[in-house]
Amino acid sequence: MKFVIAIIKPFKLDEVRDALSSLDVHGLTVTEVKGYGRQKGHTEIYRGAEYAVNFLPKIKIEVAVDTAIVQQVVDAIAAAAQTGQIGDGKIFVLSLDSILRIRTGETDGDAL
Amino acid sequence: MKFVIAIIKPFKLDEVRDALSSLDVHGLTVTEVKGYGRQKGHTEIYRGAEYAVNFLPKIKIEVAVDTAIVQQVVDAIAAAAQTGQIGDGKIFVLSLDSILRIRTGETDGDAL
Amino acid sequence: MKFVIAIIKPFKLDEVRDALSSLDVHGLTVTEVKGYGRQKGHTEIYRGAEYAVNFLPKIKIEVAVDTAIVQQVVDAIAAAAQTGQIGDGKIFVLSLDSILRIRTGETDGDAL
Amino acid sequence: MLLRYFKKLPILASLVALSPGAAFAQATEAATPNKGDTAWMLMSTVLVFFMILPGIGLFYGGMVRAKNMLSVLTQIMVVACVVCLLWIVYGYSLAFTAGGDFKEFIGDFSKLFLIGVSPASTTADGGLPEYVFICFQMTFAMLTPTLIVGSFAERMRFPAVLLFSILWFTFVYIPIAHMVWGGGLLAEWGALDFAGGTVVHINAGIAGLVGCLLVGKRIGFGKELIAPHSLTMTMIGGAMLWFGWFGFNAGSALKADGGAGLAMINTFVATAAAGLAWLLAEWILKGHPSMLGLVSGAIAGLVAVTPAAGFAGPMGSIVLGLLAGVVCFVFCSTIKNAFGYDDTLDVFGIHGVGGIIGAIATGIVVAPALGGTGLATGEYVMATQVWIQTKAVLVSLLWTGIGSLILFKLVGIFTPLRASSEEEREGLDLAEHGERAYNY
Amino acid sequence: MLLRYFKKLPILASLVALSPGAAFAQATEAATPNKGDTAWMLMSTVLVFFMILPGIGLFYGGMVRAKNMLSVLTQIMVVACVVCLLWIVYGYSLAFTAGGDFKEFIGDFSKLFLIGVSPASTTADGGLPEYVFICFQMTFAMLTPTLIVGSFAERMRFPAVLLFSILWFTFVYIPIAHMVWGGGLLAEWGALDFAGGTVVHINAGIAGLVGCLLVGKRIGFGKELIAPHSLTMTMIGGAMLWFGWFGFNAGSALKADGGAGLAMINTFVATAAAGLAWLLAEWILKGHPSMLGLVSGAIAGLVAVTPAAGFAGPMGSIVLGLLAGVVCFVFCSTIKNAFGYDDTLDVFGIHGVGGIIGAIATGIVVAPALGGTGLATGEYVMATQVWIQTKAVLVSLLWTGIGSLILFKLVGIFTPLRASSEEEREGLDLAEHGERAYNY
Amino acid sequence: MLLRYFKKLPILASLVALSPGAAFAQATEAATPNKGDTAWMLMSTVLVFFMILPGIGLFYGGMVRAKNMLSVLTQIMVVACVVCLLWIVYGYSLAFTAGGDFKEFIGDFSKLFLIGVSPASTTADGGLPEYVFICFQMTFAMLTPTLIVGSFAERMRFPAVLLFSILWFTFVYIPIAHMVWGGGLLAEWGALDFAGGTVVHINAGIAGLVGCLLVGKRIGFGKELIAPHSLTMTMIGGAMLWFGWFGFNAGSALKADGGAGLAMINTFVATAAAGLAWLLAEWILKGHPSMLGLVSGAIAGLVAVTPAAGFAGPMGSIVLGLLAGVVCFVFCSTIKNAFGYDDTLDVFGIHGVGGIIGAIATGIVVAPALGGTGLATGEYVMATQVWIQTKAVLVSLLWTGIGSLILFKLVGIFTPLRASSEEEREGLDLAEHGERAYNY
Ligand SMILES: Nc1ncnc2c1ncn2[C@@H]1O[C@H](COP(=O)(O)OP(=O)(O)O)[C@@H](O)[C@H]1O
Ligand SMILES: Nc1ncnc2c1ncn2[C@@H]1O[C@H](COP(=O)(O)OP(=O)(O)O)[C@@H](O)[C@H]1O
Ligand SMILES: Nc1ncnc2c1ncn2[C@@H]1O[C@H](COP(=O)(O)OP(=O)(O)O)[C@@H](O)[C@H]1O
């Protein structure tokens, strides 16, 4: 099993979720994060003070999947989240030792 | 060492923390997240516009533990977080290469 | 490749980012989290009700790096985030299977 | 004292203790209202309206959790709107007409639907256009039941709140208003209540206490952190209450004169004193001077000075404020905990307790020797007056306590009072109103 | 009805239907304004100001997404400030002087820069200091164009809003104000508009509709969740609108008397009725009684009662309110969706629709048989009056509809109306104003 | 000009420049206050109160970080409450009685605890009930020290703020108020200050400057992003300030007449002009028209027009507003940065700088040739009047600057002025008040 972490642009969330649904992946967890990277931020001015803000709002999606479909999942996310402009984000894949569904106690593949 | 990630219902946080304390696990990190899964969301109506909201508030707990007690930890979390109803959440276990306590420079087991 | 997760004190974020920049690490993702640990919380009183609040605001930094520089990165973060007082936080290192840059499709080292 | 409207009761009226500045004029129907008085009363009406919305809405709403914010706001606004309509349908008539066989307790139906009232109508003494007086009184009627919702907030169901409020307004508020202001029982006794400490605050405080006892504690009460979601909103609401209360108290002079000025200065100083008293008591006893304490104390002071606003001197009001601030602090932070009931927003601890302190103390601070105005008619004897005040408090305690209990039980027959635990956890905003207050 | 200012038109003026309480006094220049009236009008002016800021700012702002909050607030405040200055430069003169060859449509330049006005000047009938009257009217002029910005909020560019508002104020608002209040066409016809239902609400509603049709839908409209970022703010703003509207309506009596009292009570009950009507309709048809519905209904009621406030009786106002609440609910929740246009904050659905209902229904509820005041001069015939009201609505529909269309097109020549999709996604706050509303 | 209270100084009073509309009436004690005037002053008092809370509380509070919100609100409310009590204990007496040997600088103790004041007492000319006048003045006294807290916000300790405010009110505010309004030095000179530009704004601005210099910069100032936590709150507060300022300025006419109307229209147009001026200057020079700039400019305009409100004509006020908007913008965005001090909320940059511009310019815009009212007594000579105005500014600069310096030092002996860096990082809300403003 793999743990996929994707950092994407916020307005792409719905499209990514739909893309995952069409792969029969029906569970995921979303966090609002701030991203720092190549994408240029903006300047905010409050009275005399000017600030360059480099942390931009991003959405982090975490989704656990079977190893068998991890490539498909990564591709689907990438396709849905891409705009072609700097700041589209990254997808990280980690290995997962185990999964447990709290409600039923099912584990690993059954827990997805 | 293992890195345990648990997604739970928000009102279960205090019980889970207590369960972990009784295992002598005294550190954890908590994030407010939104979960998408089998659990049905709700509908919000604002004037003419109706929206089906499928992202539900969840709490993500991250806790690093010694491999020796990881099963106990997972079981304790699961026991404390369970309501038996859809949406209770998942527990993911990942392997951890190293841990460092910033304050002292202690590493791995000593850093917990 | 490694996935470094650092929990730090919020006001240390800028220093940590600068330290990473000087290692030529120019991408990272930041989340506001609550930490529970040795550091003592505070008491809040609202009319008759007194609450001991043990979850303290922390910043979680996630940064994916080449294995070659992971030690440097961890050291840099630790050095920048340290105050020497309880609650300075932890750094966790996990192994990363793969990285993808959504915009270009570049993978792994190229995606950083 | 509020120079309320006694069209057919000139003799009775003259027996009632009046504010010294208020010449009762034995119903000289011909008089044209002074436009300065009218301007002030139009404005005072608007100020009291502001106490309800946004005032009490924010003061209360800020203290609940974000998931119940809209529930509190909706309950307050719906109750105010319903009472607004009922007031012109039957409320004004039943509260402010002379009444028949039970005239000690209730008026009559002669002004249902405001029959016979026109822009040219005036109050009995010709002091104000009748429409203006009706509006001013209406805001008091709208405000009072909204105060109650604070006690069972975060768990009582919307339909139950709605039904209860209609019944309570009809069977508790109207009779008490008639007894105090409409020439009924307490007016006959000579009880002093300048701006409605008994009718509004004791009344609401007791009903709230009964309500929260019947509905039970919130899930997690005493265990989880149930912190106010926005003390900023509570401060805004509290400040708006103070602002509007100048209309409530100084407007109750029904005139734009030095008597209104006295009520205004008392509304300043008693409030300031009570806010500081709570803050200092908390600082000394709990270690922190909190903003919530400061604002809570200020509201306690406003409640306490309400019946006394036109009778006390400024120094008397300061003492009254200090007393109310300290006592309400001790009550809300210690005594309430000892009893262990869950009055969400301390409706009883502030409006009930503060109202009782104010009602009884009014009998003291009115003393000319203490800088008060004395009585308009008859000689002032402190023990006598305090006893009259105490009796009036007891009457309203009983009437409201028993009445509210019956009405809650009655409502419970038709619709459950309390939300399911699942709804309570999700929050009433989503569960009952299908909305969320915030989407940042 | 607003006893507006007809310095040189005493004969014409007497033809205009007046509020019964308002004695027109044939321009007795010598009279000194009554200070009670003046006090009330000073206060009413301040109340109407409060409707703009924070009132409409929060009511609107709460409903947009957090990333566009400052954009809405800035647009409202800038437009209000610009119109404030233009009003004393030429607005007052063009709206409230007699006019020349086109006097049915516009006044003249005799009071540019308020030439000749001093603290001693009064309105023609001596009822008010002229400065006070100018200020009161100014707040209406400031408010109206700010209402429009709700329809194209979250996507129209700031420079375009600014330019459009200046032009619209000049070529649409001023002529309509002159036609209704300045002795122009609609006044001649005898159209009743107590406090500005036509001038303010229909006017703004139509302009908004034109605007949102031209600018197009927001990105994601109908697909993504576009939820109000703070219904708390919307409630605060809505309550402040109601609060300020007492100055708007009861202030339009221009006197502190029983007529103002009537306008005030109507402003209470119609609003309460409309809020409850929307809430109940929604509860029955959609399953949830929402706070947003309650507040929206209240605003619809305020809009609808505006032209009728001094003419209807309280029971007539309740019926008017119920009607406005239900119709506006159906419009905003069903009819709008059927058409599929994106009027962000339902400027047309509430101000346009509610304004039209109110304008026409005023011809009915004024009927003495229905508890209304009847006409000041001439005999009341319902069919006749309803027809006059309808004609007045049609004139302003046409004038505003065509005028706004031309002006939007004109502005589009000089500067793009709509933000780029990137700016829209980022939010106008950062993109246009370089700020963020919230940093928690 | 404020027709302040000169009970025993009829001759002196007649020397003072008065607002043309204000007949001074040589202390005809017998006169009964006009109820229209009284109604307006009751209302103005309430409006000025609203400037403090929620007004300045939200305007300031919105600009600090969320972790210091309650600290700002608590400081403002506590200071206002304390001054409220001190005002009736000794403030009113020392500021508004004739005084003895030092009568140029301070009054006397003859009205300590408001001895001798009753609902029947009036001001010397019989214009107002004395209680109403006391209340109106009290709100000015309460407001002024709350303005100061903005300069050292987010780092000064609560006990230090409290102690400083008590001392400052006593040794700085009261003497200046006496000098300007109580028949003291500046009044004798004939300095014009209609509604308190010197007493309130210059006074607070200088004290703030001294305070922030002594307390030092915030941690992270100039390095970290220190963004306002809620510009929405700042807008609400700013709008409420404007709203309340109508009571401040038009109320300072002490009458409901055309003079109040003039002050009101000036309070509209100067503010609008200044807001637009700041916004445009920022748009041109910094690239973005910001909402914070718009609101800041409006406040600068309000400050600047305060001393001139009853003297200038509307066009003069517009020019004054434009000037204040641009100068304060340049000061806050450039000059301040050059000096590098940390005046958290620009108390000096707006109240100090705007106040000085206004005070001096009042000597110009009062010119009849520029549409102003001219002087009530004596002939107007621009150079003379400007010099008088400048001298008055200098006196208050010195008095306040030196006084504040001494008092801060004195307070520092008893309790540390500044929070520890740990407390500052955690935020004063938790560290000092044990509460958090928000729990979403
Ligand atoms: N090394 C990294 N580790 C973790 N997150 C990263 C890293 N690099 C980039 N990110 C995340 O990816 C987002 C996009 O990266 P950025 O460099 O701006 O654009 P792009 O992905 O197009 O190269 C960043 O905002 C950040 O949240
Ligand atoms: N594949 C997944 N990857 C990551 N998080 C998941 C995944 N599936 C479910 N979750 C998280 O677990 C929560 C509960 O899942 P859900 O399917 O609703 O109920 P249950 O756990 O009872 O089957 C979701 O809201 C989501 O946050
Ligand atoms: N076992 C753990 N797993 C995950 N996070 C932890 C763990 N222990 C501590 N933390 C995080 O590190 C933060 C600091 O830990 P704490 O024990 O308070 O101080 P220190 O790091 O100085 O020992 C905590 O607030 C928490 O967020």
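Keep in mind that this is a model prediction, so the values were computed, not measured. The analysis underlying the following values was restricted to heavy atoms, covering all of them including side chains, and did not include hydrogens, waters or symmetry mates. The chains referred to below are lettered A, B, ... by the order of the sequence lines, with proteins before strands, and numbering in each begins at 1.
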Can you confirm whether Phe3(C) sits close enough to Ile5(A) that some side-chain heavy atom of one is under 4.5 Å from a side-chain heavy atom of the other?
yes

State, yes or no, whether a side-chain contact exists between Val30(C) and Val33(A) at a heavy-atom distance under 4.5 Å.
no

Under 4.5 Å heavy-atom distance to chain A, tell me which part of Ser98(C) shows up: side chain, backbone, both or neither.
both

d(Ile61(C) CD1, Lys34(A) NZ) to nearest 0.5 Å is 14.5 Å

Determine whether more than 12 heavy atoms belonging to other residues, nucleotides or ligands lie under 6.0 Å from atom CD of Glu32(A).
no

For side-chain contact (heavy atoms from CB on, under 4.5 Å), just list the numbers for Arg103(C) and Gln39(A), CA-CA rounded to whole Å, side-chain angles, deciding distance to a tenth of an Å, and then say yes or no.
CA-CA 12 Å; Arg103(C) 170 165 50 96; Gln39(A) 187 185 359; over 6 Å; no

Considering only residues two or more places apart or on different chains, which pairs with a residue in residues 38-87 of chain C satisfy ring pair (Phe, Tyr, Trp, His ring centres under 6.0 Å)?
Tyr36(C)-Phe55(C)

Pick from Val63(C), Leu96(C), Thr104(C) with the largest number of heavy-atom pairs that fall under 4.5 Å of chain A:
Leu96(C)

Checking Leu94(C) against chain A: side chain, backbone, both or neither under 4.5 Å from a heavy atom?
side chain

Heaviest contributor of heavy-atom pairs below 4.5 Å to chain C, chosen from Gly35(A), Gly89(A), Gly37(A), Ala78(A), is Gly89(A)

If I take atom CD1 from residue Ile91(A) and atom CZ from residue Arg101(C), how far apart are they, to the nearest 0.5 angstrom?
12.5 Å

For the CD1 atom of Ile99(C) and the NZ atom of Lys90(A), what is their distance to the nearest 0.5 Å?
8.0 Å

Report the option among Asp75(A), Thr31(A), Ile86(A) that has the most heavy-atom pairs separated by less than 4.5 Å from atoms of chain C.
Ile86(A)

Segment of Glu62(C) engaging chain A (4.5 angstrom heavy-atom cut-off)
side chain

Interchain contact, Ser95(A) with chain C, by part (heavy-atom threshold 4.5 Å)
both

Atom of Ile102(C), atom of Ile7(A) and distance for their closest heavy-atom approach
CD1-O, 3.7 Å

Segment of Leu13(C) engaging chain A (4.5 angstrom heavy-atom cut-off):
side chain

Given heavy-atom pairs under 4.5 angstrom as the criterion, report whether the side chain, backbone, both or neither of Lys58(A) touches chain C.
neither

